[in-house]
Each structure stands twice: as structure tokens, then as C-alpha cells.
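Position 1 is the first residue of the sequence; numbering continues from there. Note: hydrogens, waters and symmetry copies are ignored here, and every other heavy atom, side chains too, is used.
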Amino acid sequence: MGGATEQDISSETKLEAELIEAMKRRASMGTAMKSFNTVILKFPKIDESLRKCKAVFARFDEDSNGAIDHEELKKCFEQLQVSFTEEEVTDLFNACDFNQDMGIKFNEFIVLLCLVYLLKDNANGHESKARMGIPNLEATFETFVDAFVFLDKNKDGFVSKNEMAQAINESGDRSSGKIAMKRFEEMDWDNNGSVTFKEFLFAFTNWVGIDDTDDEEN
């Protein structure tokens with residue numbers, strides 16, 4: 001029977017653990033977000049910002065096949081001046097190659113960049129992000145992080161169904177309750193009752209309509 005090897009599982013678990021620790025550190029700083037509706041209101045701006053990222057994606061997709069392979073990703077990190085070991089690049093690639101087709105599609109690229117943003121936030125972040133040629137992308141990623149921190153009430157690096165319900169109750173908008181719980185189910189794709197930042201990001205790219213089937217930009 002096929003599937004992930006023990007090494008794949010352990011390396012992904014190691015990356016997940018690093019992301020959870022990074023999120024806990026970020027959560028300890030708190031969030032300015034007051035309600036779940038604040039996130040929803042930012043969707044149009046997020047959508048616009050992520051669409052501008054298409055040019056960055058195209059730049060690194062050197063063979064123009066609609067996906068970034070392992071070697072192209074390494075060159076991407078070099079140009080963005082983000083330093084990762086060979087093992088870390090492989091772990092990030094495997095974690096974000098959601099459909100395991102050995103290529104990072106556009107929506108997977110967005111998720112990957114945001115995970116890099118979270119991991120490198122305390123490093124030489126500002127310099128590397130400025131070189132991406134999308135000054136407002138950093139603000140968009142910060143919105144993602146902020147939204148997750150807002151939902152993660154107990155600051156453990158995960159969002160549970162109860163925490164999602166609590167966020168809805170606090171907003172006082174009962175009508176959006178059912179929608180939000182449906183959103184939670186969309187995020188929790190492995191149905192284990194809690195959502196990681198990576199799951200949250202994949203769901204977010206779907207919500208704002210980012211996918212790899214958009215018309216090619218001239």
C-alpha cells in the first residue's frame with residue numbers, strides 16, 4: 001500500500017511543530033481584530049493583493065507550466081533572500097503540494113509564502129518581503145495571521161470548533177453563525193476537530209476566489 005513514508009511524516013510533523021511554535025509566539029502578542037466580520041470585510045483587499053502576486057508566481061515558474069517545481073522553489077528563495085536548508089525547502093514543498101502532483105500551483109504558492117512569512121517574521125523579513133515587488137503582500141499575510149490569532153482563543157496554535165463558535169458569539173451576528181460553522185468544516189479537511197494555520201490558509205484562498213484556473217494575465 002502506497003502513501004507517505006515514515007520519513008515524510010516525521011519531516012512534515014517537524015515543520016508543523018515549528019509552525020505551531022511560531023504561531024504561539026505570534027499569538028502571545030495578541031491581535032487588534034475585534035470580530036470575525038472584520039476578516040470578511042477585508043476579503044476584497046486580500047483578493048486584490050493576492051491577484052497581484054500572480055506576476056511573482058509567473059516569474060518563478062520558469063518553464064511556464066503553471067506550477068513551481070522543487071528547483072524553481074529553491075531559486076525563488078534565493079532571489080527573495082530567504083535562507084532555508086535543503087531539508088527545510090523539501091519539507092515546505094511537500095507540505096504545500098496539497099494534491100501531491102510534484103508542483104506548487106498558484107494557490108499553494110500563496111500558502112507557502114505565508115508560511116515562510118510566519119517562520120521568518122523575526123528574521124530578515126522586511127528586506128526579503130520588500131524584494132518580492134509586492135509591498136502590500138506583507139500586510140495581507142499579517143491579516144491572515146491576525147485572523148488566526150483572533151480565532152485561536154487559548155493560543156495553542158490551533159483553532160477548535162468551540163473557538164470558532166466563541167468568535168461568532170462574540171460578534172453578535174447570529175445569522176453568520178451557520179455560515180461560519182460551514183467555513184470551519186471547509187477548513188478542517190482532515191475532520192479532526194481542529195484547524196492548523198496551513199488548513200486555514202488553504203480555505204482562505206478558496207474563500208477569496210484564488211485558484212489556478214483564472215485567465216492568464218497578459
Q) According to the interplanar angle, ranging from 0 to 90°, do the rings of F200 and F148 count as parallel (below 30°), tilted (30 to 60°) or perpendicular (above 60°)? A) perpendicular

Where [X] and [Y] come nearest, the two heavy atoms and their spacing:
X	Y	value
A67	D61	O-OD1, 2.9 Å
L112	I104	CD1-CD1, 4.3 Å
V159	F184	O-CE1, 3.5 Å
V111	T205	CG2-CG2, 4.2 Å
E163	N154	OE2-OD1, 2.8 Å
K105	F57	C-CE1, 3.7 Å

Suppose we screen for side-chain contact (heavy atoms from CB on, under 4.5 Å). Which residues come up paired with [X], at least two apart in sequence or across chains?
X	result
K155	A27
E21	K24, R25
N162	S160

Quick one, [X] and [Y] - any side-chain contact, counting heavy atoms below 4.5 Å?
X	Y	value
M29	V149	no
L92	V116	yes
L50	T140	yes
C96	F109	no
M187	F202	no
L151	Q166	no
D152	F158	no
C53	I110	yes

Q. Which residues satisfy the side chain to side chain donor-acceptor pair (under 3.5 Å) test with E62, sequence neighbours excluded?
A. K75

Q: Could you pull out all residues at least two apart from S194 that satisfy side chain to side chain donor-acceptor pair (under 3.5 Å)?
A: none

Say you draw a straight line from [atom1] of [X] to [atom2] of [Y]; how long is it, rounded to the nearest 0.5 Å?
X	Y	atom1	atom2	answer
D97	I68	CG	CD1	11.5 Å
L119	L19	CG	CG	4.5 Å
E87	K14	CD	NZ	4.0 Å
K52	D47	NZ	CG	11.0 Å
L118	I20	CG	CD1	11.0 Å
D69	F60	CG	CZ	13.0 Å

Q.
Test of understanding: with salt bridge (Lys or Arg N to Asp or Glu O under 4.0 Å), list the residues that count as partners of D146, not counting sequence neighbours.
A. R26

Donor-acceptor under 3.5 Å ([X] side chain, [Y] main chain):
X	Y	answer
Q79	C76	no
D188	N192	yes
E185	K182	no
E108	F98	yes
D91	L15	no
S49	K45	no

**Q.** F144 ring center near F204 ring center (under 6.0 Å)
**A.** yes

(Q) Between K74 and E78 (salt bridge meaning N to carboxylate O under 4.0 Å), is one present in this structure? (A) no

Q. Does the cation-pi check pass for K120 over F84, that is, NZ or CZ under 6.0 Å from the six-membered ring centre and within 45° of its axis?
A. yes

